[in-house]
Trainee: 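Got a structure here, written out as C-alpha cells. Questions coming.
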Amino acid sequence: MTGSLLAFEQFYILTKGGPDNSTITVVQLIYSVAFQGPNNLGVAGALSVMVLIALVIVNFAQIRAFGQKEDS
C-alpha cells in the first residue's frame, strides 16, 4: 500500500503525468510544485508532511489489522 502511494519514477519516466495529468501521483505532484512551475517549496513541504501523516496512519492501521494473532 505504501509503495503504491510513493510511486514516482515509473510514472514520471513513462508519461510525465500523462494526458492532462491523468496519471499524476502524490509524489509527482509534490515534485512538480517544488521544482517545476511555481517553485513553491513551502507548499511542497506541507504536502510532504501531509503524505507522511497519511502513511503513518495507513501503516498503523495495517499493523493493527494484520498483526493480531487469532486464538486457537
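Source: prediction; values computed, not measured.
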Trainee: Can you see which heavy atom on I30 is nearest to which on S48, and at what distance?
Mentor: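 Taking every non-hydrogen atom into account, CG2-OG, 3.5 Å.
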
Trainee: Go through it in stages, so that I can follow the logic: the residues are L47 and V51, the test is side chain to side chain contact (heavy atoms under 4.5 Å, CB included), and I'd like the CA-CA distance, side-chain angles, deciding distance and then a yes or no.
Mentor: CA-CA 6 Å; L47 287 171; V51 168; 5.5 Å; no

Trainee: Are I57 and V49 joined in one hydrophobic group, where the rule is that I, L, V, M, F, W and Y side chains link up if heavy atoms are under 4.5 Å apart?
Mentor: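 Yes, one cluster joins them.
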
Trainee: Could you see if V56 belongs to whatever hydrophobic cluster contains V26? Use Ile, Leu, Val, Met, Phe, Trp, Tyr and a side-chain cutoff under 4.5 Å.
Mentor: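 As far as the 4.5 Å side-chain criterion goes, V26 and V56 are not connected within one cluster.
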
Trainee: Just verifying a value: how many Å separate S32 OG and N39 CG, rounded to the nearest 0.5 Å?
Mentor: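 Interatomic distance, S32 OG to N39 CG, rounded to 0.5 Å: 10.5 Å.
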
